[in-house]
Amino acid sequence: MIVENTSELKERIERLKREKNAVILAHYYTRPEVQAVADFLGDSLALSVRAQSVDADVILFAGVHFMAETAKVLCPEKKVLIPCPEAGCSLADSCPAAEFAAFKAKYPGHRVVSYVNTTVEVKALTDVCCTSSNALKVVESITADVPVLFGPDRNLGSYIRKLTGRTNMVLWDGACHVHEEFSLEKLLQLKREHPEARVVVHPECRPYILEVADYVGSTAGILDYCGRSEAREFIVVTEAGILAEMNRLYPDKRFIPAPPDDETCGCNNCRYMKMVTLEHIASSLETLSPEVVIDEEIRRRAERSIRNMIAIQ
Ligand code: 13P
Ligand code: SF4
């Protein structure tokens, strides 16, 4: 077996992209070398929007499973490749479709809002999707007297409930293993060590972590804030993959990753996003597999909830 080095793999990927008329979309949480071969890098909202206008026969999604599904829902005529299908999401896993359907049945008359970090089957049960970039706008677009069922992230849900002051919002009890693990004690210690630093936090973190944030926002929102802010140092309370893009965009600023409770677990790295490697990408482009395949009826229903979101964004 020939073992290629990183630059050989990158060259092979570039050649295969041209040969197969393929485009690579990647999330900021993937490995830096994976981000380097992407044609478009973004957060979940930007990637969903970008998928619609891809001018290629093949979309290879370097990210987790639900993201590739979203691209396939929006581009059914294209071949959508998921180089590592085992790359799931603990948040999407915390919301099985059958249990979500039973939960929804208990709340008739509620408008169902689901975070895009869900399976296509859950999206098919949803009225309007949201991402962390637009969750506030999506919930605010619903008339105040219409009750809302929000899933699956309880932390994002309770944050939006607090911002809107809505009392008619029930939450599914799900969470992400990365964002739930940050330690308040260690974060406060870091703040004492870096008194000038701004604390930037993803809304999937627990409410007591959000309390100490200078800025709460999606991956793209955090990147934007760090660019606009006059501060030179930032304590970053989200998945550590974003640091590659921060250092690339703002080389003269300092980004300090916040530690999880158990620093030996590496929990501030999404183990699913990091499963995707250059080897997976090269082999997927070579064989044009594994491909995302979705039942057409489910796809159509999921498409409606995603398009409802895109219309609001
Ligand atoms: P973004 O919406 O910020 O891209 O977040 C995606 C995600 O998986 C967060 O854990
Ligand atoms: Fe899912 Fe959390 Fe990974 Fe995001 S960081 S993909 S929510 S497991």
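If you're wondering where the values come from, they're calculated on a predicted model, not measured in any experiment. Read the numbers this way: they start at 1 and go in the same order the structure lists the ligands and their atoms. In this chain, numbering begins with 1 at the start of the sequence shown.
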Would you say C270 reaches atom 3 (Fe) of ligand 2 with an N/O/S atom under 2.8 Å?
yes
What is the minimum heavy-atom distance between V116 and F66, and which atoms define it?
O-CD1, 3.0 Å
What residue and heavy atom of the protein are closest to atom 1 (Fe) of ligand 2, and at what distance?
C89 SG, 2.3 Å
Is it the case that R198 places NZ or CZ above or below the six-membered ring of F234, under 6.0 angstrom from the centre and within 45 degrees of the axis?
no
Interfacing atoms of ligand 2 (cut-off 4.0 Å, heavy-atom, N117)
4 (Fe), 7 (S)
E204 heavy atoms within 4.0 Å reach ligand 2 at atoms 7 (S)
Within 4.0 Å of some non-hydrogen atom of S90, the atoms of ligand 2 are 8 (S)
Pick one of side chain, backbone, both or neither for how Y28 approaches ligand 1, counting any non-hydrogen atom pair under 4.0 Å.
neither
Contact between ligand 1 and H27 is defined here as a heavy atom of the residue under 4.0 Å from a ligand atom; is it met?
yes
Criterion salt bridge (charged side-chain N to carboxylate O under 4.0 Å, His left out) on E180 and R206, from CA distance to verdict:
CA-CA 6 Å; E180 283 240 306; R206 293 180 190 263; 3.2 Å; yes
Any atoms of ligand 2 less than 4.0 Å from a non-hydrogen atom of H177? List them with their elements.
8 (S)
Parallel, tilted or perpendicular: ring planes of Y215 versus Y225, cut at 30 and 60 degrees:
parallel
Proximity of T238 to ligand 1 by residue part, where a heavy atom lies under 4.0 Å
neither
So is C176 touching ligand 1 or not, going by heavy atoms under 4.0 Å?
no
Among M273, E239, E204, closest by any non-hydrogen atom to atom 10 (O) of ligand 1:
E204
Sub-3.5 Å N/O-N/O distance, S133 and ligand 1:
no
So does V148 get a backbone contact from the side chain of R111, meaning a donor-acceptor N/O pair under 3.5 Å?
no
If I apply the N/O under 3.5 Å rule, does D43 come out as touching ligand 1?
no
Does the N or O separation between T219 and ligand 1 drop below 3.5 Å for any pair?
yes
Considering the heavy atoms of C176, write down every atom of ligand 2 situated less than 4.0 Å from one of them.
2 (Fe), 5 (S), 7 (S)
If you measure from the Lys or Arg side-chain nitrogens to the Asp or Glu carboxylate oxygens, is any gap between R232 and E196 under 4.0 Å?
no
Just distances here: any N/O of H202 and N/O of ligand 1 closer than 3.5 Å?
yes
